[in-house]
Amino acid sequence: METIAAYSRSVNETHRICTHDISGHLHLLRFCMDEINEKDGEAPRDLLDRLDEGLEKLETLNKLLKIATRYFNPDEEISAESVAEKALGLTNLYHHKFLDKLNYEVSGNMVYSLDEATLIIEALFGICSTISHFATGQSVKTLTFNLEFNDGEIVIKANVGNISQDEILTLLKSGNENDKTLRRANAHDLLVQNGGEIKYEPAGKEITVRILK
């Protein structure tokens, strides 16, 4: 029951992020529309540009939200590609304000039950969110993940380096819903509680992470 409660709070954190960001963009759009109406419908170029920017961000956020909340049929096996899409969609949802671009490539033809897929999605999100945090600190603009799905092991590589194991473990202990980091911390705990293990292997300008199950 405690694990279920922690997972529910984690999902609630994601919903709070979405509603907050959507509200911010809507306020911008409303401000621009009010300004246009005060000018008898003649919109200055800067207001039109801000309207366009707000709409584009709302469209991106809506797309990410759809991916991150996509329904899986419990009676069907879930492909590695679908698992990766949802996990990286979540990662992008949390970090799109700070990274110009987040790419990923998938290899391996593994399929999973709904329980397995849910666990792996959370673990992948936790790992990719952790890496994204450090990528932002290193001023990485385009972050690329390579995900290799194997039987009993998933290997994640990313173009972020010089991160110590101590830095990673310290970050993972600081999960806080108000800081929007609770789901990341809970994701690692969830995997460990279910017999899995996450190994970070920093090396040079690239980091490798292995999920062992």
Side-chain angles (χ1 to χ4, degrees), residues 3 6-7 10-11 14 64 67-74 76-96 99 101-136 138 140 142-169 171-173 175 181-213:
T3 300
Y7 179 71
S10 296
V11 173
T14 305
L64 292 174
I67 293 172
T69 58
R70 185 160 292 161
Y71 170 77
F72 288 140
N73 189 333
E76 296 179 0
E77 291 184 318
I78 300 164
S79 68
E81 288 82 1
S82 295
V83 166
E85 181 187 41
K86 191 165 184 178
L88 272 297
L90 265 173
T91 304
N92 208 353
L93 188 64
Y94 271 70
H95 297 278
H96 71 277
L99 294 168
K101 199 166 186 180
L102 192 155
N103 302 317
Y104 69 95
E105 297 178 359
V106 178
S107 61
N109 298 313
M110 297 296 298
V111 292
Y112 305 96
S113 68
L114 178 60
D115 287 349
E116 291 173 324
T118 300
L119 181 63
I120 293 170
I121 287 166
E122 290 301 306
L124 282 176
F125 162 70
I127 290 166
C128 293
S129 177
T130 298
I131 292 173
S132 297
H133 169 84
F134 286 108
T136 301
Q138 295 179 11
V140 174
T142 299
L143 181 57
T144 301
F145 292 97
N146 291 285
L147 312 176
E148 181 183 328
F149 289 80
N150 304 305
D151 187 17
E153 179 184 76
I154 300 171
V155 179
I156 306 103
K157 294 184 179 181
N159 56 315
V160 177
N162 302 316
I163 309 170
S164 72
Q165 185 78 0
D166 287 342
E167 286 180 295
I168 291 166
L169 293 177
L171 179 69
L172 294 179
K173 291 177 182 177
T181 57
L182 179 65
R183 189 164 187 173
R184 178 172 63 203
N186 282 351
H188 286 72
D189 291 340
L190 185 65
L191 183 73
V192 173
Q193 289 169 16
N194 284 272
E197 180 184 4
I198 297 174
K199 288 187 175 181
Y200 285 86
E201 301 171 357
K205 294 183 178 180
E206 185 176 88
I207 186 168
T208 299
V209 186
R210 297 178 186 275
I211 301 177
L212 308 174
K213 188 72 171 71

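As a basis for the values below, the full set of heavy atoms in this structure was taken, side chains included, without hydrogen atoms, waters or symmetry mates. Because the structure is predicted, anything quoted here is derived from the model rather than measured.
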**Student:** So, for Phe125 and Arg183, which heavy atoms are closest and what is the spacing to 0.1 Å?
**Tutor:**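 Distance-wise, the nearest heavy atoms are CE2-CG, 3.6 Å.
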**Student:** Side-chain contact, heavy-atom cut-off 4.5 Å: His188 with Leu190?
**Tutor:**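 Not in contact.
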**Student:** How close do Gly175 and Ala185 get, heavy atom to heavy atom, and via which atoms?
**Tutor:**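 Closest approach of Gly175 to Ala185: CA-CB, 3.7 Å.
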**Student:** I would like to know whether His133 and Leu171 meet side chain to side chain contact (heavy atoms under 4.5 Å, CB included); could you show each step before the answer?
**Tutor:** CA-CA 9 Å; His133 169 84; Leu171 179 69; 3.6 Å; yes
**Student:** For the side chain of Gln138 and the backbone of Ala135, is there at least one donor-acceptor N/O pair under 3.5 Å apart?
**Tutor:**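 Absent.
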**Student:** Check whether any side-chain heavy atom of Lys199 sits under 4.5 Å from a side-chain heavy atom of Leu212, and report yes or no.
**Tutor:**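 Touching, per the 4.5 Å side-chain cut-off.
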**Student:** Please tell me if the side chains of Thr142 and Asn103 come closer than 4.5 Å, counting only heavy atoms from C-beta onward.
**Tutor:**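 Thr142 reaches Asn103 side chain to side chain.
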**Student:** Between Asn159 and Thr144 (side chain of the first, backbone of the second, donor and acceptor by atom type, cut-off under 3.5 Å), is there such a pair?
**Tutor:**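 Flag set: sc Asn159 to bb Thr144 pair under 3.5 Å.
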**Student:** Would you mind checking if Glu197 and Arg210 are paired as a salt bridge, meaning a charged N to carboxylate O distance below 4.0 Å?
**Tutor:**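 No.
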**Student:** Taking the side chain as C-beta and beyond, is there a heavy-atom pair between Leu124 and Ile211 under 4.5 Å?
**Tutor:**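 Side-chain contact under 4.5 Å: yes.
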**Student:** Testing the basics here: between Ser129 and His95, what is the closest heavy-atom pair and its distance to 0.1 Å?
**Tutor:**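 Heavy atoms only, the tightest pair is OG-NE2, 2.8 Å.
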**Student:** Can you check side chain to side chain contact (heavy atoms under 4.5 Å, CB included) on Leu119 and Leu191, steps first, answer last?
**Tutor:** CA-CA 6 Å; Leu119 181 63; Leu191 183 73; 4.0 Å; yes
**Student:** Using a 3.5 Å distance criterion without hydrogens, assess whether the side chain of Asn92 forms a donor-acceptor pair with backbone atoms of Leu88.
**Tutor:**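 No, because the side chain of Asn92 does not come within donor-acceptor range (under 3.5 Å) of the backbone of Leu88.
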**Student:** Using the side chain to side chain contact (heavy atoms under 4.5 Å, CB included) rule, take Thr208 and Tyr200 through it: C-alpha gap first, then chi angles, then the decisive distance, then the call.
**Tutor:** CA-CA 6 Å; Thr208 299; Tyr200 285 86; over 6 Å; no
**Student:** Check step by step if side chain to side chain contact (heavy atoms under 4.5 Å, CB included) holds for Thr136 and Val140.
**Tutor:** CA-CA 6 Å; Thr136 301; Val140 174; over 6 Å; no
**Student:** Answer yes or no on whether Lys86 is positioned over the face of Phe72, meaning its NZ or CZ is under 6.0 Å from the six-membered ring centre and within 45° of the axis.
**Tutor:**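 Yes, Lys86 sits over the ring of Phe72.
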**Student:** Should we count CG of Asp151 as having more than 12 external heavy atoms under 6.0 Å?
**Tutor:**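 Atom CG in Asp151 is not packed in, count stays at 12 or less.
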**Student:** Report yes if the side chains of Ile207 and Ile168 come closer than 4.5 Å at any heavy-atom pair, otherwise no.
**Tutor:**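 When only atoms from C-beta onward are counted, Ile168 and Ile207 do touch, with a gap below 4.5 Å.
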**Student:** I'd like to know if Lys157 and Glu148 make a salt bridge, using a cut-off of under 4.0 Å between side-chain N and carboxylate O.
**Tutor:**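 Salt bridge: no.
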**Student:** Between Glu105 and Phe145 (side chain of the first, backbone of the second, donor and acceptor by atom type, cut-off under 3.5 Å), is there such a pair?
**Tutor:**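 No; zero donor-acceptor contacts below 3.5 Å.
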**Student:** Write down the atom of Ala158, the atom of Ile131, and the distance for their closest heavy-atom approach.
**Tutor:**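 Smallest heavy-atom distance, with atoms named: CB-CG2, 3.9 Å.
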**Student:** Can you give me the closest heavy-atom contact between Gly89 and Ile67, atom names plus distance?
**Tutor:**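 Taking every non-hydrogen atom into account, CA-CG2, 4.0 Å.
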**Student:** Tell me the closest heavy-atom pair linking Thr91 and Ser132, and the distance in Å.
**Tutor:**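 Answer, listing the atom of Thr91 first, then Ser132: CG2-OG, 3.5 Å.
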